[in-house]
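For reference, the structure is listed below as structure tokens.
In what follows, every heavy atom counts, from backbone to side chain, and hydrogens, waters and symmetry copies are set aside.
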Amino acid sequence: MGLLRSVVLAGGGTGGHIYPLLAFADAVKRHFPEVRITTLGSPKGMENELIPPAGYDLRVIPAFQLPRSVNLNLLRTPDRMWKSAHAAGKILDEVQADVVVGFGGYVSVPAYLAAWRRETPIVIHEVNVPPGVANRMGMKFTKNVAVGFPTQPQLAESLKDARVVGVPLRTALTHLDRAALRPQALYQFGLRPDLPVLFVSGGSSGARTINLAVAAAAKRLAHSGVQVLHVQGGRNDPFEVPADLPVPYKVIPYLSDMQLGYAAADLMLCRSGAITVAETTALGVPAVYVPYPFSNQEQKRNALPVVEAGGGVLVDNDELTPEWIEQNVIPLARDRQRLAVMGQSAARYGRRDGDEALLEFVLEAVAKNR
Ligand SMILES: CC(=O)N[C@H]1[C@@H](OP(=O)(O)OP(=O)(O)OC[C@H]2O[C@@H](n3ccc(=O)[nH]c3=O)[C@H](O)[C@@H]2O)O[C@H](CO)[C@@H](O)[C@@H]1O
């Protein structure tokens with residue numbers, strides 16, 4: 001496609017912004033191998049751990065702190081933001097960007113500002129309600145807004161005209177056949193094929209409440225014959241699990257190959273970050289969602305439609321105790337029939353083509369600008 005020679009992808013902070021960016025980069029590369037792909041990140045975000053190993057050019061621009069609300073006076077105030085925007089602009093000029101695609105996180109703002117000043121098309125991909133502060137700022141400069149979930153335009157006024165494209169997911173996930181990979185996954189984690197597996201994840205940074213509650217329920221889970229595969233999260237403290245359990249309880253600090261976790265899982269217990277929900281539903285993994293109780297209840301909004309569709313269960317952070325796990329998670333993990341129905345309901349809500357749909361939207365935005 002002659003329209004596209006160079007794309008700049010901006011997004012950073014946590015995995016929730018970076019994995020969709022990487023999945024989208026892969027889609028661009030797959031369709032247009034000759035297109036130059038540049039990513040913009042901040043100095044301390046997880047992008048520094050995730051993007052270079054994926055083989056993409058990561059340019060780091062100076063960090064600055066955004067306030068919690070969107071205020072256009074910002075454009076007149078912080079020098080540091082303009083310094084970042086200047087740095088982003090130099091990169092846009094150097095790579096002759098045809099479009100900037102932003103996934104949110106503070107680093108997106110200077111990219112949006114620099115693109116706006118150059119009249120370079122901007123596309124925003126947003127997965128949360130309410131939209132993140134960085135993307136809300138970006139929306140002052142473009143109408144090209146894509147969202148991950150069909151409920152978002154109904155729930156947020158600022159997203160009412162957005163295109164629903166789904167969430168770009170890694171091809172290791174979109175191409176995953178869980179049943180086929182299961183034996184290898186179980187073997188790799190040292191889990192038994194004859195007992196159910198509870199897969200625990202607090203999102204990319206991990207969740208202390210989840211880690212401590214599940215670890216405290218370790219004995220009850222093990223004595224009920226439920227194995228646990230527990231990812232602690234990239235930036236979370238280690239926790240203790242009793243050593244002498246009768247069935248496996250495997251703890252991993254961070255799992256880069258999430259397809260193995262999803263393949264091993266009979267049931268997931270997790271935070272309902274938007275990308276996690278996009279993944280569990282795309283893959284038909286039944287889940288107990290424990291929304292992060294802060295940041296505007298956004299995670300509750302992510303999980304609710306899946307739960308309403310029958311694809312999972314919702315529990316408040318405060319209610320997630322070892323007793324709750326014993327009374328609710330253990331019976332569910334052992335009920336193969338109920339899990340099968342839940343998995344099918346989750347899969348009906350999910351989709352696997354978010355990368356392709358976002359690429360189509362970006363190409364339209366570039367074409368419109370010609
Ligand atoms: C506390 C908080 O503010 N969380 C936000 C953050 O969550 P967070 O950054 O945790 O993002 P998500 O839950 O949406 O996605 C986590 C991603 O990390 C991956 N993963 C996780 C653990 C692991 O060991 N390996 C691994 O690869 C998952 O497969 C998934 O792709 O961004 C999301 C998307 O903007 C928001 O919806 C969340 O509300």
Side-chain angles (χ1 to χ4, degrees), residues 148-151 166-167 169-170 172-174 176-183 185-186 189 191-203 207 210 213-214 217 220-221 224-231 247-250 255 258-292 299-317 319-320 324-352:
F149 300 94
T151 46
V167 176
L169 302 178
R170 291 171 264 180
L173 300 179
T174 54
L176 177 61
D177 177 341
R178 289 174 62 217
L181 190 63
R182 184 175 166 88
L186 295 175
F189 296 127
L191 298 169
R192 285 169 47 176
D194 57 329
L195 295 174
V197 175
L198 177 68
F199 178 34
V200 181
S201 167
I210 292 182
V214 181
R220 302 177 211 207
L221 286 156
S224 310
V226 178
Q227 311 178 87
V228 179
L229 172 63
H230 191 151
V231 285
V247 305
Y249 190 121
K250 172 87 178 165
L255 184 58
M258 277 297 273
Q259 69 277 12
L260 291 171
Y262 288 127
D266 290 290
L267 172 65
M268 187 146 184
L269 188 151
C270 55
R271 281 272 184 257
S272 41
I275 314 307
T276 298
V277 172
E279 291 171 355
T280 51
T281 54
L283 302 175
V285 179
V288 175
Y289 294 108
V290 192
Y292 181 63
Q299 293 202 357
K300 200 166 197 167
R301 278 184 214 108
N302 297 337
L304 215 50
V306 188
V307 171
E308 280 166 0
V313 172
L314 196 62
V315 58
D316 279 347
N317 195 61
E319 283 172 32
L320 185 76
W324 194 90
I325 291 172
E326 181 173 27
Q327 285 158 19
N328 298 277
V329 179
I330 291 176
L332 179 57
R334 289 160 51 114
D335 188 341
R336 289 200 176 278
Q337 229 173 344
R338 193 171 158 214
L339 289 178
V341 174
M342 262 192 177
Q344 284 157 9
S345 305
R348 275 196 293 276
Y349 179 77
R351 59 187 283 184
R352 296 191 181 202

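- For Glu326, the salt bridge (charged side-chain N to carboxylate O under 4.0 Å, His left out) partners two or more places apart in sequence, or in a different chain, are Arg220.
- The pair Arg182-Asp266 counts as a salt bridge, with a side-chain nitrogen and a carboxylate oxygen less than 4.0 angstrom apart.
- For the atom pair Ile330 CD1 and Ile325 CD1, the distance stands at 8.0 Å (nearest 0.5 Å).
- Listed by chain and number, the residues in a salt bridge (charged side-chain N to carboxylate O under 4.0 Å, His left out) with Arg192 are Asp194 (sequence neighbours excluded).
- When the side-chain contact (heavy atoms from CB on, under 4.5 Å) test is applied to Leu181, the partners found at least two apart in sequence or on another chain are Leu176, Gln184, Gln259, Leu260, Ala263.
- Listed by chain and residue number, nothing satisfies the salt bridge (charged side-chain N to carboxylate O under 4.0 Å, His left out) test with Arg301 (two or more places apart in sequence, or in another chain).
- Judged as a ring-ring contact (aromatic ring centres under 6.0 Å, His included), and not counting sequence neighbours, the contacts of Phe199 are Tyr262.
- Side-chain contact check for Arg271 and Asn317: at least one donor-acceptor pair (N or O, by modelled atom type) lies under 3.5 Å.
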Could you list the donor-acceptor pairs under 3.5 angstrom formed by side chains in residues 337-348, with sequence neighbours left out?
from, atom 1, to, atom 2, distance (Å)
Ser345, OG, Val341, O, 3.0
Ser345, OG, Arg348, NH2, 3.4

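- The stretch residues 302-311 participates, sequence neighbours left out, in no salt bridge (Lys or Arg N to Asp or Glu O under 4.0 Å) pair at all.
- Residues passing the side-chain contact (heavy atoms from CB on, under 4.5 Å) test with Gln327 are Glu323, sequence neighbours excluded.
- Judged as a ring-ring contact (aromatic ring centres under 6.0 Å, His included), and not counting sequence neighbours, the contacts of Tyr292 are Phe294.
- For Arg178, the CZ atom sits in a packed shell: over 12 heavy atoms of surrounding residues, nucleotides or ligands are nearer than 6.0 Å.
- Every salt bridge (charged side-chain N to carboxylate O under 4.0 Å, His left out) that Arg170 has, sequence neighbours left out, goes to Glu279.
- For residues 324-344, there are no ring pair (Phe, Tyr, Trp, His ring centres under 6.0 Å) pairs, not counting sequence neighbours.
- Partners of Thr280 according to the side-chain hydrogen bond (donor to acceptor under 3.5 Å, both in side chains) rule, which considers only residues two or more places apart in sequence or in another chain, are Tyr289.
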